[in-house]
*Asks:* 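Take a look at the following structure, please.
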2 protein chains.
Amino acid sequence: MTVRSRSRRRSRRMEYSESTRQALVDSAIALFTERGYGGTSLDEIAHRARVTKGALYHHFANKQALFEAAYQAVEADVVDRLAEVMRVPTDLWDAMKAGIAAFFEVCLEPNYQRIALQEAPSVLGYDRWRLAEEHSCFSVVRTGLEALIDAGEIEDLPLEAASRIVFGALAFGAIMIAGADDPVRTREDVVYSVDYLVDGLRHGAAYPRDTEQMAPDPQD
Amino acid sequence: MTVRSRSRRRSRRMEYSESTRQALVDSAIALFTERGYGGTSLDEIAHRARVTKGALYHHFANKQALFEAAYQAVEADVVDRLAEVMRVPTDLWDAMKAGIAAFFEVCLEPNYQRIALQEAPSVLGYDRWRLAEEHSCFSVVRTGLEALIDAGEIEDLPLEAASRIVFGALAFGAIMIAGADDPVRTREDVVYSVDYLVDGLRHGAAYPRDTEQMAPDPQD
DNA sequence: ATTGCGACATACCAGCGGTACGTACTGATG
DNA sequence: CATCAGTACGTACCGCTGGTATGTCGCAAT
């Protein structure tokens, strides 16, 4: 699709094409978020982008490919924002904590929640999903953990496995926040628990845990 | 559907009915596992159970309801087996570790992998999924954590949040094992990392971590 | 014997993903 | 400038699928 051919300059025609492609992806993100993958028809997506299904099939091989494009767009945006947040602190642990907090913030957004967390594994299948994840939030977690291990801050854990486990903990915590009756309160609980868990990774966790975090009374 | 009516005894007719219902669920489990939710037609499921779609729609309201029945059947089986494994040890930590190991074992099975881990969140939606989870592996984790908290073995964490986080860590670790090129090796890595993480929850984690676990050289 | 109802089978439909093909417009070439 | 190839769509259509409406058969209680 859309071979960039041999023309050197980026023609007006190609800009139009790129624009409708983007419109299709935006439309897909909106509708997949609202009604899910199975509940959204390609006609709807095309209509919302003010084109027909013919245009859609010109840009994407099939429904799954369109979903994948939508998924990657959502993930890319999130990754950028996480990188921005984690770039600021100098201390590795601070960066990690900041990233975790930002991630939970992200997971309150319906786009990420539905497309990335809920539907992606099922729609893409595990193989393609894990492949796509290499450029997603998961890779951010892995990079962070790698830095901590390299700095000798935490035990020399098997990187891939540890990253995935931590990511799973974060994702499920995020999902819980997203679906909670009281997201604010729930968010406090989750952040507290995750921080506790992450602190457990610390080398010589004997040091008194930093309780500068807000510490909600865990029991009612 | 299938009102148990007013007959006292369980008639032969009702046995037949129950049998075809079971056949439909079994067929659904097999086909959903093999081809996924979207890739499996109701005609196929009915055919495999040697009935028609009419019978299917007599027993289940729609495709999603059938999936939910399949999901619950798979989960119920797993929960039983986990309970069995965790019943044996007297020490809480041993029970927990045994449960975790057994859970990873379960996650190598295609049924649980595809239906419970991969498709369920997408097909059921988060609301129904979380509802159904109350009688699933998640509840096992929560019960275990609750026991540990009550026994004062770990910090007084907010139970619901902590349980979900730990379950997320386990589930993603399990998923990784399931999709790995070298499941055995990967399983070692995951178990090692999870044990390390769970040990971090331990009260006074200063005590030397138990390294009686097989300790794979974490780096190649 | 009747009859009500549960347990299916049959027939059918609207909507969906996907394909085949037609067409307008653009930009490069001689 | 005329030509023409190819991109970027639109249009028409197909097979399949989930779902529904309706028919039928047999058991079981009256």
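Just so it is clear, the values below take in all heavy atoms, side chains as well, and ignore hydrogens, waters and symmetry mates. Reminder, nothing fancy here: chain letters follow the sequence lines and each chain counts from 1.
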*Asks:* Restricting to side chain to side chain contact (heavy atoms under 4.5 Å, CB included), what partner residues turn up for V25(A), sequence neighbours left out?
*Replies:*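 With neighbours one apart ignored, the set is Q22(A), I29(A), F60(A), A69(A), A73(A).
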*Asks:* Can you list every salt bridge (Lys or Arg N to Asp or Glu O under 4.0 Å) pair that touches residues 59-76 of chain B, not counting sequence neighbours?
*Replies:*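 For residues 59-76 of chain B, and leaving out neighbouring residues, the salt bridge (Lys or Arg N to Asp or Glu O under 4.0 Å) pairs sorted by first residue read E68(B)-R128(B).
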*Asks:* Starting from P on dG17(C), measure out to CZ on F67(A) and report it in whole angstrom.
*Replies:*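 Value for this atom pair: 14 Å.
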*Asks:* With a 4.0 Å heavy-atom cut-off, tell me which residues in residues 120-129 of chain A come close to DNA chain D, sorted by residue number.
*Replies:*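 When residues 120-129 of chain A is checked for heavy atoms under 4.0 Å from DNA chain D, there are no hits whatsoever.
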*Asks:* Of all the nucleotides listed (dA8(D), dC8(C), dT11(D)), which has the minimum atom distance to the side chain of T52(A)?
*Replies:*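 The listed nucleotide nearest to T52(A)'s side chain is dT11(D).
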*Asks:* Is any side-chain nitrogen or oxygen of H59(A) closer than 4.0 Å to OP1 or OP2 of dA8(D)?
*Replies:*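 No, no such contact exists.
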*Asks:* List for me each residue that meets salt bridge (charged side-chain N to carboxylate O under 4.0 Å, His left out) alongside R35(B), sequence neighbours excluded, and say none if there are none.
*Replies:*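 Result, salt bridge (charged side-chain N to carboxylate O under 4.0 Å, His left out) vs R35(B): E44(B).
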*Asks:* Atom NE2 of H58(B) and atom C1' of dT10(C): how far apart are they, to the nearest Å?
*Replies:*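 After rounding, the gap between these two atoms is 16 Å.
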*Asks:* Using whole Å, report how far CZ of F60(A) lies from P of dT19(C).
*Replies:*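 Rounding to the nearest Å, CZ of F60(A) and P of dT19(C) are 16 Å apart.
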*Asks:* Quick one: side-chain hydrogen bond (donor to acceptor under 3.5 Å, both in side chains) pairs with a partner in residues 137-149 of chain A, sequence neighbours left out?
*Replies:*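 For residues 137-149 of chain A: E134(A)-R142(A), R142(A)-E160(A).
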*Asks:* Enumerate the protein-to-nucleotides 18-22 of chain D contacts in which both atoms are nitrogen or oxygen and the separation is below 3.5 Å.
*Replies:*
{"unit_1": "dG18(D)", "atom_1": "OP1", "unit_2": "T40(B)", "atom_2": "O", "d": "3.1"}
{"unit_1": "dG18(D)", "atom_1": "OP1", "unit_2": "K63(B)", "atom_2": "NZ", "d": "2.7"}
{"unit_1": "dG18(D)", "atom_1": "OP2", "unit_2": "L42(B)", "atom_2": "N", "d": "2.7"}
{"unit_1": "dG18(D)", "atom_1": "N7", "unit_2": "K53(B)", "atom_2": "NZ", "d": "3.2"}
{"unit_1": "dG19(D)", "atom_1": "OP2", "unit_2": "Y57(B)", "atom_2": "OH", "d": "2.7"}
{"unit_1": "dG19(D)", "atom_1": "OP2", "unit_2": "K63(B)", "atom_2": "N", "d": "3.0"}
{"unit_1": "dG19(D)", "atom_1": "O5'", "unit_2": "Y57(B)", "atom_2": "OH", "d": "3.2"}
{"unit_1": "dG19(D)", "atom_1": "N7", "unit_2": "K53(B)", "atom_2": "NZ", "d": "3.3"}
{"unit_1": "dG19(D)", "atom_1": "O6", "unit_2": "K53(B)", "atom_2": "NZ", "d": "2.7"}

*Asks:* Please identify each residue that fulfils side chain to side chain contact (heavy atoms under 4.5 Å, CB included) with E119(B), with sequence neighbours left out.
*Replies:*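 S122(A), Y37(B), F67(B), R114(B), V123(B).
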*Asks:* Residues two or more places apart in sequence or in another chain: which of them pass side chain to side chain contact (heavy atoms under 4.5 Å, CB included) with A30(A)?
*Replies:*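 By the side chain to side chain contact (heavy atoms under 4.5 Å, CB included) rule, A30(A) matches R48(A).
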*Asks:* To the nearest Å, give me how far apart CD1 (I45(B)) and P (dT17(D)) are.
*Replies:*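 The answer, rounded to whole Å, is 11 Å.
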*Asks:* In terms of the angle between their ring planes, are F172(B) and F167(A) parallel, tilted or perpendicular, with boundaries placed at 30° and 60°?
*Replies:*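 The rings of F172(B) and F167(A) stand perpendicular, inter-plane angle above 60°.
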*Asks:* Check whether any side-chain nitrogen or oxygen of T20(A) sits under 4.0 Å from OP1 or OP2 of dA8(D), and answer yes or no.
*Replies:*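 It does not, given that no N or O in the side chain of T20(A) lies less than 4.0 Å from OP1 or OP2 of dA8(D).
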*Asks:* From NE2 of H47(A) over to C1' of dT11(D), roughly how many Å is that when rounded to an integer?
*Replies:*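 From H47(A) NE2 to dT11(D) C1': 17 Å.
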*Asks:* Would you kindly give the CG-to-C1' distance between L56(B) and dC8(C), to the nearest whole Å?
*Replies:*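 In whole Å, dC8(C) C1' lies 12 Å from L56(B) CG.
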*Asks:* Hey, what do you get for CE (M96(A)) to CG (D195(A)), rounding to the nearest 0.5 Å?
*Replies:*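 Here the interatomic distance stands at 10.5 Å.
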*Asks:* Would you please name every residue forming a side chain to side chain contact (heavy atoms under 4.5 Å, CB included) with L92(A), sequence neighbours left out?
*Replies:*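 Here the qualifying residues are A147(A), L148(A), A151(A).
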